[in-house]
Every structure is written in structure tokens, then in C-alpha cells.
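A short write-up of the structure that comes next.
Residue numbering restarts at 1 for every chain, and letters A, B, ... go by the order of the sequence lines.
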Protein chains: 2
Amino acid sequence: MARPLTARQQNVYDFIVKTMSEFGYPPTRAEIARALGFRSPNAAEEHLRALDRKGVIRMIPGTSRGIRLPANGNEIEPAESQPQSSGLPIIGSVAAGSPILATEHIDRYCPLPADYFSPSADYLLRVRGLSMKDAGIFDGDLLAVHRTQQIRNGQIVVARIDDEVTVKRFQREGSHVTLSAENADFAPIVVDLEHQHLEIEGLGVGVIRGGNGSGLH
Amino acid sequence: MARPLTARQQNVYDFIVKTMSEFGYPPTRAEIARALGFRSPNAAEEHLRALDRKGVIRMIPGTSRGIRLPANGNEIEPAESQPQSSGLPIIGSVAAGSPILATEHIDRYCPLPADYFSPSADYLLRVRGLSMKDAGIFDGDLLAVHRTQQIRNGQIVVARIDDEVTVKRFQREGSHVTLSAENADFAPIVVDLEHQHLEIEGLGVGVIRGGNGSGLH
DNA sequence: GCAATGACTGGATACAATTCCAGGCTGTAT
DNA sequence: ATACAGCCTGGAATTGTATCCAGTCATTGC
């Protein structure tokens, strides 16, 4: 695709780049002509058309200084080359029995570093339903989750009961665990650890709402 | 020299920056007027002169699109490249009378791209108080804000009344605007646009909780 | 009350800039 | 030889733009 530029076209292109970096706006035909010694702005115009045809610039018709350099990441590299991990995986829904971080569940990624939250987040879980609305977690929100089993009373946890994943507030008294919704419409769930199995998937460490176009209600 | 910009001047300045990073060249007077709703390019011209006087831009006389941003030593704005090594600025508190994005207010940055939200976020505002708790916005949460004056009824806005910045739900009926808290403990604020001044700073487009160690309650 | 400033409308003018047209002069490929 | 593309001159129509002038309205500081 990189049809080679002629020497003259390269001169014109170089002048455009130089002008933009020096002044912050592109040159006019007349300025190009003056700089390269043309006596007619039409010479510049024709070179611009050629550069547009070859894809190295883009002309905006009828617009003064309407020259754009399409995202050519050629030269200047941003100094900080953060490994830019793909970010936190967003878990949409969890199939029964499968581990929560199985790739089939991953919707997309959120470009936030894990340690933006503390304790650091391992994934984001898309919350369904309004059972935690009084804790400010609404339908569609993303809950940042830190994978751990070490939970203190009163914290918000991601738990799995009978292969179903839920978000609740955790309270342990002896061998009984109470998982409370933060919504008067939902009754607390009491789990007797001696007879039932309760798996803690992690600790809620943050909430994100409105990302990726889900909007704000 | 660094006298603070008025709100309108800030709008014009922001539009210039936005245009330059989006198109690679500065806007014309007419384009500024169209974008901000002026019916005369002269309104834009006067704002540009004010910005030039205050030193935040430099005008090149007789030159179309002759606007430069001298403070920024950087060159070609990365039009479509990876935005923000710095991310979205987090605004902690806003001093009376000053533009909301003044650097003095910036706590830190959140490493999220602006277009993670849609409409894209321009900054994050740390919300104080529980007046919006029924909308899931709690004390200490970060509200992602898109700078705009175009608000539809029922949306959550950042408004400025008498130099105080608040987050409320917006409802307009004729010349009256009702700003409602989402908390029964707070009475709605009714503003008569014919007698009172109401400035809309932006539209709430997202919420982040728990970032930077603020934890989850 | 008065002056100064900010924020505009509306109209006008002259210059800046794009874009078209009609050529001419090279090469290189058919 | 003929065709064609690159490269340029010169001129000119048309639109894009900057910039001035004359006002209005509201707010702020004196």
C-alpha cells in the first residue's frame, strides 16, 4: 500500500509535518508554494492531491488548512512504555459449575490497572438485579473483585451457593454465615457451614458504573 | 498574567483544544461560534482576544486558523492514538468562582481513557455528601462528567448555583429548572431561570467507587 | 450614578485560501 | 509517435475567514 512518494512529494509532505509541529496548524497551498519555490499555488494543490491519493495525508475540501495526517504512529514514541496490560477482565455471567474466571465468561476488558483499587482487583463482575441497591450497586454495575477467602464481617463479598454466584454483605457468627442483600425486598440468606457448602469467590473492592456505553440512569 | 478564565472563555479554550486534537488544526471563528451557539463570529473573536490577552493562546493576525497553544511544548497531538498516559483528572473540591478544571483542584488522575464512558468523560468529580444515594452515588464516589450544556430531563448533572457546585437530577419545565436530590432528606432546588443564574457544568456519565484505596463501605 | 468589563447580535468589508481552467515541458512506457 | 503521469506557470472565480464597526444587555467595582 505504501506507494513510494516521489522526491518532490516527499518534500511537500516533510514541509507539512514541519509546519504542523512548528506552528500547530497545517500550511496553505500558497505557503507550500513559497517554501518550495513554486510560483503557483496550483503546484502545491496537485502535490497535495497526489499525497491524498497515496494515503499519507487527508484533504478536507473547502476548508482552509484542511490537511490531516492520519494516525501515522511513525516517530515520536511515548516515553513511558507501561506494559499496558490489557486491563481487568469483565465477567458477564457465570455458567453453573465453572470457575468464575473461565475465558467464556469474559465480555471484554476495562483498561484500569488492578492496583487502582486496594486490595487490588482481579476482575470486574457485572452485577444483575437490584439486591444491593442500598449499597449503591445497581443493575449493570461492574463490581471490582479481589480474589480472597479472608473476609471480615460487614464486607461485601462475591459468594457461590449451589453453583449460583451472588453479591451480598457478609456476616459470620459461629458456624452460621448470614448473607444480606442491601434492599428491603430481599430476605437474608443464612448458611449453616456444618451442613451447607459456601464458597467465597472474593471481596468487593470497588464499583464502576456507566462504562462502555451502559450509561447512567 | 494567569488571571483565571471566565466560564465562557474556558468553553472556548476547551473547544480549541478539542478541535486541535481531533482534526489536527485549530477552528475558525465561525466554527467556534457554531459549536458554542453564537450567532456572530465576532463573539468568538472577542473571546479569542481575551484568551490571547490572558496568555493561554496566541493569535497570528491575518492567518486563517491562526491560533497557537504556546504552553504546550508538545507537537503533533496524538489524534487517535492511545490517549492519556495521565488519564482523567480527578477534581476534589472547587473553589468559588474558579473554573472547575483549574489545575489547583486536580487531586490526581485515574488511568482510564475518556472514551471508556459515553458520552466521553472529561473529568472525574469527587462527590461529597449523600444527597444522591438513591441514585447509587455515595460520599467519596467519583462521578465521571462529560462537559456539555445539552441536558435532557431526568439526567444527572453537575450544576453551579451561586458558585457552589452540586450534583443533582435535572428537570426543566418552561423557565423553571428543578434540581432534585435522590435522597428523601434533601429538598429539591427550584431555579427560576429568569431571575436566577444556573450554570450547567456537565452531564454525569459514570460512577467509580473504591479507587485509590478509598475502599468499599 | 458612572465607568469598565464580559458577553453577545448583526452587518459589512477586505483579504486569505481553495479550487478550477488552460496551458507547457519533461520523462518513461506502449 | 503517441499516450500518460509528474511537475510546473499564470490567471481567475468563488468561497472561507479574519476583522472592524455599531449597537444591546447585564454585572461588577467605584
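Computed from coordinates, the B:Asn11 CG to C:dG6 P distance equals 16 Å when rounded to whole Å. D:dG6 atom P lies 14 Å from atom CG of A:Leu48, rounded to whole Å. Distance, A:Ile32 CD1 to D:dC7 P: 14 Å, rounded to whole Å. What separates CZ of A:Phe38 from C1' of D:dG11 is a distance of 18 Å, to the nearest Å. For the pair B:Ile57 CD1 and D:dA18 C1', the computed distance is 13 Å after rounding to whole Å.
A 4.5 Å side-chain heavy-atom check between A:Phe38 and A:Glu45 finds every atom pair outside the cut-off.
An OP1 or OP2 oxygen of D:dG6 is reached within less than 4.0 angstrom by no side-chain nitrogen or oxygen of A:Arg8. B:His47 has a side-chain polar atom (N or O) that falls below the 4.0 Å cut-off from OP1 or OP2 of C:dA7.
Across all their heavy atoms, A:Tyr13 and A:Leu51 have their closest contact at N-CD1, 4.0 Å.
B:Arg68 contributes no side-chain N or O that, together with a main-chain N or O of B:Arg58, makes up a donor-acceptor pair within less than 3.5 Å.
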Let me have the donor-acceptor pairs involving side chains of residues 132-140 of chain A, under 3.5 Å, with sequence neighbours excluded, atom names and distances please.
unit_1, atom_1, unit_2, atom_2, d
A:Asp139, OD1, A:Gly129, N, 2.5

For this session: Starting from the C-alpha separation in whole Å, work towards a yes-or-no answer on side-chain contact (heavy atoms from CB on, under 4.5 Å) for B:Tyr25 and A:Ile67.
Result: CA-CA 8 Å; B:Tyr25 44 78; A:Ile67 299 171; over 6 Å; no
Seminar exercise, completed: Under a 4.0 Å heavy-atom criterion, the protein footprint on nucleotides 14-22 of chain C, written with B, S and -, is --SSSBBBB
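Taking the charged nitrogens against the carboxylate oxygens, B:Glu46 and B:Arg8 have no contact shorter than 4.0 Å, which rules out a salt bridge.
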